[in-house]
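Structure first, commentary second.
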Protein chains: 2
Amino acid sequence: MTPKSTNLANFKVGVDNVIFSVDMAQNRVLVLLVMRQGDPFSGQWSLPGTLVRQGESLEAAAYRILAEKIRFKNIYLEQLYTFGGPDRDPRESPDCFGVRYLSVSYFALVRFEEAQLIADGVTGIAWYPLERVPELAFDHHQILEYGYQRLRNKLEYSPVAFDVLPETFTLGDLYQLYTSVLGENFSDYSNFRTRLLKLGFLSDTGVKVSRGAGRPASLYRFNSESFALLKDKPMVFI
Amino acid sequence: MTPKSTNLANFKVGVDNVIFSVDMAQNRVLVLLVMRQGDPFSGQWSLPGTLVRQGESLEAAAYRILAEKIRFKNIYLEQLYTFGGPDRDPRESPDCFGVRYLSVSYFALVRFEEAQLIADGVTGIAWYPLERVPELAFDHHQILEYGYQRLRNKLEYSPVAFDVLPETFTLGDLYQLYTSVLGENFSDYSNFRTRLLKLGFLSDTGVKVSRGAGRPASLYRFNSESFALLKDKPMVFI
DNA sequence: ACAAAAGTGTTTTCCTTACACCCATGA
DNA sequence: TCATGGGTGTAAGGAAAACACTTTTGT
């Protein structure tokens, strides 16, 4: 029998980011895609990813591509899931058992207005509305689905919405975000209002803003200090 | 500049399992540990893990060690988190930047009575109560903490308790499990009772069991069919 | 004046919480 | 008969759901 170590798979580890944003004007959830240049799936859209370098942590790699693709002020980032079956990357020829490609995916949220895409003239890069995502390279469709699931879950019990919304927003904006992610029937608007305001971490800036017809709305701001005080108590945004 | 591929880290990927169980007799949460034999940390306790082999999926590797260490009838298994910083394994010498060791951790639940440890006479293997876990190899203490956090969270909104309890159990057993994991003050017993029974997936087997003094209790059974019907509706076990 | 959106209030219902209390057994 | 744990019931308070209604703007 060959020495045990020869049975072990050799891995390259990639980091793939599911980066969400929301276009408040069009009321659409967006995901950042890049056009692949390299060998497999060249010319196809994919999640922005990279292979992990020597001495680099997974999270550092995630931040690196992020910084390569967009300029942003604020960001939310957390690990999503690790996809590692054999055959997820054609570079590992199915019979030769060479190098395995494993993908550690990260989930990120940025503000649309603050996120400036870095177009280098070579690589395609674009925000895609979730309903119009094209075919993706590798198993990136699965990763995207998993990320979207996470977004829906997190909206219900954590304040991630405020990492996607502009710094100041109306309660209508907030409600629209929730409806466009969670569907129309998640809650009545007025109940949603009172519930969120009662939580006590939204401060009215006093500034009013008018969008077309209708009564002008107050701009609110997420108060992270107030939130920090309640953060271990269970909380429902539904 | 050297070709780009030489900058990439070469990985070995390990799978480490946080396997929980509960000893109903002593009312203690247990975690499965094994004594390391190999090179780094030899003679120290660690989470049961293995390196992923050629052509083997991550989950398959997780099941493989599981099957190597215990015989079980029922098991719950899900991916936990991926720990991948450099310097988490001394085998990667800090300056030479050789092979990186990455750990994809899995979270598992088994029934104590049904789980038969496979002692091969060579390797130490034992259930440790959570309060008496010794020092662990690598960053396994961090992984264990993360797994315990997951256990606490899942108890609140998913029926994982029934993967740890015996097939039939009293409501007192169920309550004790919750208190030993979540602490004494998570809920009043009688309210816990009524809440759980109202959910509608616990069936009374009619069998009574007497444990020392006190009125005999009914044995209940988790009814996965009834649960499946309600599974997408939000549910609170608190 | 009217539509449209913001914002307030009310009612009904249901769930949570905190108990008090009865029941069946072992010692 | 008493301690012990199993099991039922209830009253107070609060949150959730549904909906009516008022306010302030643009057109």
Side-chain angles (χ1 to χ4, degrees), chain A residues 24-27 155-157 161 165-166 168-180 182-221 230 233-238, chain B residues 24-27 155-157 161 165-166 168-180 182-221 230 233-238:
Chain A
M24 297 311 297
Q26 311 230 36
N27 194 28
L155 275 186
E156 297 188 0
Y157 61 86
L165 288 174
T168 67
F169 49 86
T170 70
L171 290 176
D173 291 337
L174 184 58
Y175 183 68
Q176 279 186 25
L177 169 60
Y178 270 81
T179 51
S180 60
L182 261 35
E184 296 289 339
N185 307 323
F186 79 98
S187 173
D188 178 87
Y189 172 62
S190 79
N191 292 330
F192 179 77
R193 264 186 75 86
T194 46
R195 195 185 321 122
L196 266 286
L197 287 177
K198 188 161 37 184
L199 290 177
F201 49 69
L202 295 183
S203 14
D204 190 335
T205 62
V207 182
K208 303 278 182 188
V209 64
S210 201
R211 310 239 235 267
R215 176 175 173 175
S218 267
L219 285 177
Y220 285 81
R221 178 191 306 284
L230 325 165
K233 293 304 148 207
M235 207 177 304
V236 183
F237 299 68
I238 294 201
Chain B
M24 297 312 297
Q26 312 229 38
N27 194 28
L155 275 186
E156 298 189 0
Y157 61 88
L165 289 173
T168 68
F169 49 86
T170 70
L171 291 176
D173 292 337
L174 184 58
Y175 183 69
Q176 279 186 27
L177 169 61
Y178 270 80
T179 51
S180 59
L182 262 33
E184 296 289 339
N185 307 323
F186 80 98
S187 171
D188 179 86
Y189 172 61
S190 78
N191 292 330
F192 179 78
R193 265 187 75 85
T194 46
R195 195 183 322 124
L196 267 287
L197 287 177
K198 188 162 32 183
L199 289 177
F201 49 70
L202 296 183
S203 14
D204 190 335
T205 63
V207 183
K208 303 279 182 186
V209 63
S210 202
R211 309 241 233 268
R215 176 174 171 177
S218 266
L219 285 177
Y220 285 82
R221 179 191 306 282
L230 326 164
K233 293 303 148 210
M235 208 177 301
V236 182
F237 299 68
I238 295 202

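Order of the sequence lines fixes the chain letters, A, B, ..., with proteins taken first and strands second; residue numbering starts at 1 for each chain. Computed over heavy atoms, backbone and side chain alike; hydrogens, waters and symmetry mates excluded.
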In whole Å, what is the span from the [atom1] atom of [X] to the [atom2] atom of [N]?
X         : N       : atom1 : atom2 : answer
Asn185(A) : dA17(D) : CG    : P     : 12 Å
Ile238(A) : dA15(D) : CD1   : C1'   : 10 Å
Arg211(A) : dA4(C)  : CZ    : P     : 18 Å
Met235(A) : dA15(D) : CE    : P     : 14 Å
Asp204(B) : dT8(D)  : CG    : C1'   : 15 Å
Arg195(B) : dG9(D)  : CZ    : P     : 18 Å
Lys198(A) : dG7(C)  : NZ    : C1'   : 15 Å
Glu184(A) : dA17(D) : CD    : C1'   : 17 Å

So, do [X] and [Y] sit near enough that their side-chain heavy atoms are less than 4.5 Å apart?
X         : Y         : result
Leu202(A) : Phe169(A) : yes
Asp173(B) : Tyr220(B) : no
Leu197(B) : Thr194(B) : no
Thr168(B) : Val209(B) : no

Practice task
For the helix from dA1(C)-dT27(D) to dA27(C)-dT1(D), measure the angle between the helix axis at one end and the axis at the other, each built from five pairs, rounding to 10°.
Solution key: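 What I find for the helix from dA1(C)-dT27(D) to dA27(C)-dT1(D) is an axis angle of 10°.
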Problem - Set of salt bridge (charged side-chain N to carboxylate O under 4.0 Å, His left out) partners for Arg215(B), sequence neighbours left out - result: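 Checked Arg215(B) against salt bridge (charged side-chain N to carboxylate O under 4.0 Å, His left out); zero matches.
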Do side-chain atoms of [X] reach the backbone of [Y] as a donor and acceptor pair under 3.5 angstrom?
X         : Y         : value
Thr205(B) : Leu219(B) : yes
Tyr178(B) : Leu155(B) : yes
Tyr175(A) : Ser187(A) : yes

Completion exercise
Letter by letter from the 5' end, nucleotides 18-27 of chain C scores (B base, S sugar-phosphate only, - none; protein heavy atoms under 4.0 Å) BB---BBBS-
Practice task
Of all the heavy-atom pairs spanning Met235(B) and Leu230(B), show the shortest one and how long it is.
Solution key: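 In terms of heavy atoms, the two residues are closest at CE-O, 3.5 Å.
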